[in-house]
Amino acid sequence: MTTADTTPTRDFIRQAVADDLESGRFKPPVVTRFPPEPNAYLHIGHAKAVGISYRIAKEFAGQFHLRFDDTNPTKEEQEYIDAIKEDLRWLGIDWGDHEYHASDYFDQLYGWAIKLIEAGKAYVDDQTGDQIRGGRGTLTSPGTNSPFRDRSVQENLDLFKRMKAGEFPNGSHVLRAKIDMASPNLNMRDPVMYRVLHETHPRTADAWCIYPMYDYAHGQSDSIESITHSLCSMEFEDHRPLYEWFINELGIFPTRQIEFARGNITYMFTSKRRMAELIDKGHVTGFDDPRMPTLRGLRRRGYIPASIRRFWEEAGVAKRENNIEFAKLESVLRDDLNKTAPRRMAVLDPLKVVITNYPDGQVEQMDCINNPEDPDAGTRKVPFCAELYIEREDFMEDAPKKFFRLAPGKEVRLRSAYWIKCEDVIKDDAGNIVELRCTYDPQTRGGSNPPDGRKVKGTLHWVSANHAVDAQVRLYEHLFTAEDPTTPPKGSDDWLDNLNPESLKVLDGVKLEPSLSDAQVDVTYQFERMGYFCLDSKDATADAPVFNRTITLKDAWAKMQKKGG
RNA sequence: UGGCCCAUGGUGUAAUUGGUAGCACGAGUGGUUCUGAUCCACUUAGUCGGGGUUCGAGUCCCUGUGGGCCAGCCA
């Protein structure tokens with residue numbers, strides 16, 4: 001479909017996978033996985049991570065697994081498991097029947113822990129959290145051994161079994177790997193493997209009261225599933241030695257972990273904590289607010305999944321810190337939408353136009369092209385009569401020479417309809433323009449050029465006043481005015497001072513062409529000359545349609561005006 | 001007085017693994033157009049500094065500088 005689809009670039013990960021196949025380090029199939037923790041909604045950053053693993057599995061004719069990393073029941077809920085699956089399906093990710101849960105492996109993990117205890121590689125520590133922290137040392141100084149480090153295997157076995165049996169309260173005991181308290185890598189300073197958590201788990205309910213830590217669960221889960229390449233973000237680089245330590249000590253399938261940099265995007269953020277703050281303080285309506293960086297938010301906003309996928313594919317993968325311009329996302333979105341979005345006409349800020357020489361009471365059904373980029377999209381009928389609405393900004397009383405739209409005495413084309421000429425401007429007592437009187441040229445039906453060779457520069461969209469459907473339209477812009485929203489502006493210590501007060505503008509009394517009353521959720525339309533819009537999946541009703549602006553069209557005229565001052 | 005990772009136009013990312021620095025976005029100019037959209041053409045601008053190895057270095061080595069990550073019983 002796109003260049004990126006047919007000729008994937010050989011980034012360092014794909015290169016490594018190819019090398020591993022060639023060297024025989026791994027036999028096919030290549031197996032990858034996406035391991036979300038079910039404690040939050042997926043956001044655009046997750047789309048990068050899934051995309052990488054998913055596509056690599058596809059490109060190497062391998063397998064892709066979805067695995068929920070559900071090892072901490074204090075934070076995880078079934079609601080998120082369901083939401084994550086829904087969002088992934090929307091994104092176009094198909095994991096077949098390869099859905100797994102770290103909790104599926106609790107028995108196996110427990111067995112391996114016993115094995116490590118028996119091998120003298122793990123011990124039960126009775127210290128408090130503070131004591132353990134204190135013993136860990138600092139970045140620049142080594143830690144000290146726990147006083148419980150040299151317990152006998154028998155005693156460790158007994159204690160660990162009693163931990164599992166529920167004899168101890170939360171925080172009283174942990175199982176630790178016996179590695180090296182002086183390691184320069186803090187992850188190797190006797191990391192905690194299990195903690196006591198008397199908590200109901202969304203899947204295992206009350207079967208367990210001890211739960212494995214990420215470091216003890218992740219590598220082994222990968223190994224159990226024969227994941228060949230476990231792709232994760234850079235912050236896990238320091239964990240790789242520990243990941244490999246467990247795999248080596250256990251002598252199990254040696255998954256290779258490879259780290260890549262997360263993708264940052266200007267004007268966006270992905271922290272769950274910050275999302276919650278925005279919701280709590282009422283700056284957005286929820287995790288699915290169309291301004292949110294969540295997949296649900298983007299979906300409700302009208303983003304299409306193909307664009308999100310392609311955006312990340314074109315952005316590429318590397319290990320360095322990055323900050324991708326939001327404009328890149330917009331460019332991909334616009335490109336996809338331009339090719340696929342059905343065109344419609346809607347007048348956001350209506351100005352009444354009366355065509356004085358058009359037969360009274362006559363209605364014509366004009367043929368309008370649904371998508372000039374796609375002949376198969378066909379045409380539709382749009383009613384035309386003597387009373388219309390045009391966009392208020394498409395008329396100027398004192399128009400500069402570069403203004404191609406309507407002005408007193410000037411002629412323009414109404415898209416797919418007729419050419420009209422402005423003959424008169426009607427104002428109210430306050431001097432506001434309330435109506436335009438125009439004449440039309442019957443020889444320009446369908447918008448075609450008249451036989452006399454007259455030229456016209458502007459083409460306007462319009463809606464029949466007698467047939468229009470009223471709607472609310474929500475205009476969205478960046479939620480933040482700063483490229484890096486999380487850094488407070490100068491002189492402030494609150495990142496919320498970066499909020500864009502204009503991120504949402506609500507327009508009521510918008511006039512839609514009648515066909516839009518059949519608008520479908522999850523279809524993004526182009527309102528010609530105005531941008532891309534979609535029906536709001538939450539607030540729209542049959543009687544009161546609500547549309548969200550996904551993104552504007554590029555606007556050379558606005559740019560020119562801005563430059564001209 | 002730690003460890004690990006990273007450094008290519010404004011942004012993101014390539015470079016046949018030591019052999020012509022390319023692509024995309026952005027920005028700019030012109031053309032086309034029944035969307036001031038799309039499309040087309042052209043222009044713009046880069047290997048962090050200093051050494052070294054080599055016939056040849058973005059690529060290898062040393063060093064400096066800059067940036068990121070790590071001290072949860074989170075993932």
Side-chain angles (χ1 to χ4, degrees), chain A residues 3-4 9-11 15 35-37 39-40 69-72 74-76 125 127-129 132-134 136-143 170-176 183-189 191-197 210-211 213-215 217-218 232-241 259 261 263 265-266 314-332 334-335 338-339 343 345 369 372-373 402-405 413-417 419 444 446-449 456-461 526-531 552-560:
Chain A
T3 312
T9 61
R10 262 302 156 86
D11 51 71
Q15 187 63 252
E37 183 188 13
N39 71 339
D69 225 334
D70 55 350
T71 58
N72 184 357
T74 62
K75 297 165 65 176
E76 296 151 6
D125 197 335
Q127 293 184 104
T128 64
I132 289 178
R133 191 171 311 119
R136 188 152 32 225
T138 71
L139 292 177
T140 52
S141 61
N170 291 358
S172 58
H173 299 267
V174 291
L175 183 71
R176 289 230 255 172
S183 171
N185 181 344
L186 298 247
N187 293 122
M188 300 300 272
R189 319 242 261 226
V192 173
M193 295 164 60
Y194 273 93
R195 73 285 216 189
V196 178
L197 244 33
I210 57 171
Y211 290 92
M213 297 286 289
Y214 165 86
D215 282 309
H218 203 94
C232 61
S233 42
M234 294 295 290
E235 63 266 32
F236 292 103
E237 208 161 22
D238 285 343
H239 293 250
R240 187 171 3 110
E259 310 85 11
I265 305 171
T266 59
E314 290 187 12
V317 204
K319 299 182 81 161
R320 67 184 96 119
E321 272 296 301
N322 59 78
N323 206 7
I324 308 167
E325 287 174 343
F326 188 83
K328 172 66 183 175
L329 213 205
E330 291 185 308
S331 138
V332 173
R334 284 197 182 105
D335 187 52
N338 175 54
K339 288 178 189 137
R343 314 289 133 121
M345 291 198 285
I369 293 169
E373 305 291 320
K402 288 292 198 64
F403 188 77
F404 301 154
R405 284 109 100 144
R413 169 174 21 239
L414 293 181
R415 176 133 239 231
S416 309
W419 290 22
T444 57
S448 56
N449 294 351
V456 97
K457 274 197 170 156
T459 298
L460 310 186
H461 60 284
Q526 184 192 106
F527 289 180
E528 290 201 78
R529 303 208 310 132
M530 299 311 289
T552 59
L553 253 27
K554 278 214 262 183
D555 190 347
W557 168 241
K559 205 174 190 174
M560 197 190 303

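All chains are named by letter (A, B, ...) in the order of the sequence lines, taking the proteins before the strands, and each is independently numbered beginning at 1.
Taking 4.0 Å as the cut-off between side-chain N and carboxylate O, A:Asp335 and A:Lys339 count as a salt-bridged pair. Taking 4.0 Å as the cut-off between side-chain N and carboxylate O, A:Arg343 and A:Glu373 do not count as a salt-bridged pair.
Across all strands, A:Ser416 comes closer than 4.0 Å to base atoms (heavy-atom distances). Within the nucleic acid shown, A:Lys559 comes within 4.0 Å of sugar-phosphate atoms alone, with no base atom in reach, counting heavy atoms only. Contacts of A:Thr74 with the nucleic acid, taken as non-hydrogen atoms under 4.0 Å apart, are absent. Within the 4.0 angstrom heavy-atom criterion, only backbone atoms of the sugar-phosphate kind lie near A:Asn323; the bases stay farther away. Using a 4.0 Å heavy-atom cutoff across all strands shown, A:Val317 reaches sugar-phosphate atoms only and no base atom. Contacts of A:Gln526 with the nucleic acid, taken as non-hydrogen atoms under 4.0 Å apart, include base atoms. Using a 4.0 Å heavy-atom criterion, one finds that A:Pro372 contacts the bases of the nucleic acid, with or without backbone contacts as well. When heavy atoms are screened at a 4.0 angstrom cut-off, A:Val192 is found touching the sugar-phosphate backbone but no base atom.
Comparing B:U1, B:C73, B:C70 by their nearest atom to the side chain of A:Arg195 picks out B:C73. Closest to the A:Phe403 side chain, of the nucleotides B:G3, B:G72, B:G36, is B:G36. Taking only side-chain atoms of A:Leu139, from C-beta outward, the nucleotide of B:A71, B:U35, B:U13 with the closest atom is B:A71. Here B:A14 is the nucleotide among B:A14, B:A75, B:A37 with the atom lying nearest to any side-chain atom of A:Ala318. Relative to the side chain of A:Phe236, the nucleotides B:A37, B:A75, B:G2 differ in distance, and B:A75 lies closest.
In a base pair of the Watson-Crick type (N1 to N3 plus N6-O4 or O6-N4) or a G-U wobble (N1-O2 and O6-N3), with each distance short of 3.5 Å, B:G46 is matched with no nucleotide. As the counterpart of B:G36, no nucleotide is assigned, since no Watson-Crick or G-U wobble pattern has both distances under 3.5 Å. The nucleotide B:G12 finds its pairing partner in B:C23, both defining distances of the Watson-Crick or G-U wobble pair being shorter than 3.5 Å. Applying the Watson-Crick and G-U wobble criteria (two distances, each under 3.5 Å), B:G72 pairs with nothing in any strand. Searching all strands for a Watson-Crick or G-U wobble partner of B:U54 with both distances below 3.5 Å returns nothing. Nucleotide B:U29: paired with B:A41 (Watson-Crick or G-U wobble, both distances less than 3.5 Å). Pairing for B:U65 goes to B:A7, judged as Watson-Crick or G-U wobble with the two contacts each under 3.5 Å.
Where A:Ser141 and A:Glu325 each meet RNA chain B at their nearest nucleotide, the meeting point lying more 5' is that of A:Ser141. Between A:Ala558 and A:Asn170, the residue whose closest nucleotide on RNA chain B is further toward the 5' end is A:Ala558.
In terms of phosphate contacts, A:Lys554 brings a side-chain nitrogen or oxygen within less than 4.0 Å of OP1 or OP2 of B:U38. Note on A:Arg320: every side-chain N or O is 4.0 Å or more away from OP1 and OP2 of B:G67. A sub-4.0 Å separation between OP1 or OP2 of B:G72 and a side-chain N or O of A:Arg136 is present. For A:Thr138, no side-chain nitrogen or oxygen approaches OP1 or OP2 of B:G2 to under 4.0 Å. Listed pair A:Arg529 / B:G36 meets the phosphate criterion, a side-chain N or O lying under 4.0 Å from OP1 or OP2. For B:G68, neither phosphate oxygen OP1 nor OP2 lies less than 4.0 angstrom from any side-chain nitrogen or oxygen of A:Lys319.
By the 5.5 Å and 30° criteria, A:Tyr214 is not stacked with the base of B:A75.
Within 3.5 Å, a donor on the side chain of A:Arg343 pairs with an acceptor on the base of B:U35, or the reverse. For A:His239 and B:A75, a side-chain-to-base donor-acceptor distance below 3.5 Å is present, hydrogens and geometry of angles not being considered. Side chain A:Asp238 to base B:G3: a donor-acceptor pair is found below 3.5 Å. No hydrogens or angles were tested; on distance alone, a donor-acceptor pair under 3.5 Å links the side chain of A:Arg405 to the base of B:G36. Taking only distance into account, the side chain of A:Glu235 never meets the base of B:G68 through a donor-acceptor pair shorter than 3.5 Å. Side-chain to base pairing of A:Glu314 with B:U13: no donor and acceptor N or O lie closer than 3.5 Å to each other.
Side chains of A:Met530 and A:Leu553 form no contact here, defined as non-hydrogen atoms less than 4.5 Å apart. Side-chain contact between A:Glu259 and A:Ser233 is absent, with no heavy atoms from C-beta onward closer than 4.5 Å. Side chains of A:Glu325 and A:Ile265 form no contact here, defined as non-hydrogen atoms less than 4.5 Å apart. A heavy-atom distance below 4.5 Å is found between the side chains of A:Arg405 and A:Leu460. Considering only heavy atoms from C-beta on, A:Tyr194 stays 4.5 Å or farther from A:Val174 through its side chain. A:Asn72 has its side chain within reach of A:Leu197: a pair of non-hydrogen atoms, C-beta onward, lies under 4.5 Å apart.
Glycosidic torsion of B:G12 falls outside 90° of 0, placing the base in anti. Here B:U53 is in the anti range [glycosidic angle more than 90° from 0].
As rounded to whole Å, 11 Å separates atom P of B:A14 from atom CD1 of A:Ile324. With rounding to whole Å, A:Ile132 atom CD1 is found 7 Å from B:C73 atom C1'. Separating the CD atom of A:Glu321 from the P atom of B:C5 is a distance of 16 Å, rounded to the nearest angstrom. Between A:Glu259 atom CD and B:G3 atom P the separation is 19 Å, expressed in whole Å. The interatomic distance linking A:Arg415 (CZ) with B:A37 (C1') rounds to 9 Å, in whole Å. Distance CZ (A:Arg334) to P (B:U38): 8 Å, rounded to an integer number of Å.
Straight-line distance between the P atoms of B:U8 and B:C60: roughly 14 Å, to the nearest whole Å. Spacing of P atoms, B:A27 relative to B:G10, comes out at 16 Å, to the nearest Å. Comparing the C1' positions of B:U13 and B:C6 gives a spacing of 15 Å, expressed to the nearest Å. Taking atom C1' on both B:G46 and B:C23, the two are 14 Å apart, rounded to the nearest angstrom. Rounded to whole Å, the separation between the P atoms of B:A57 and B:U47 comes to 16 Å.
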Q: I would like to know whether A:His173 and A:Asp125 meet side-chain hydrogen bond (donor to acceptor under 3.5 Å, both in side chains); could you show each step before the answer?
A: CA-CA 6 Å; A:His173 299 267; A:Asp125 197 335; over 6 Å; no

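Other residues, nucleotides and ligands place no more than 12 heavy atoms under 6.0 Å from the CD1 atom of A:Ile369.
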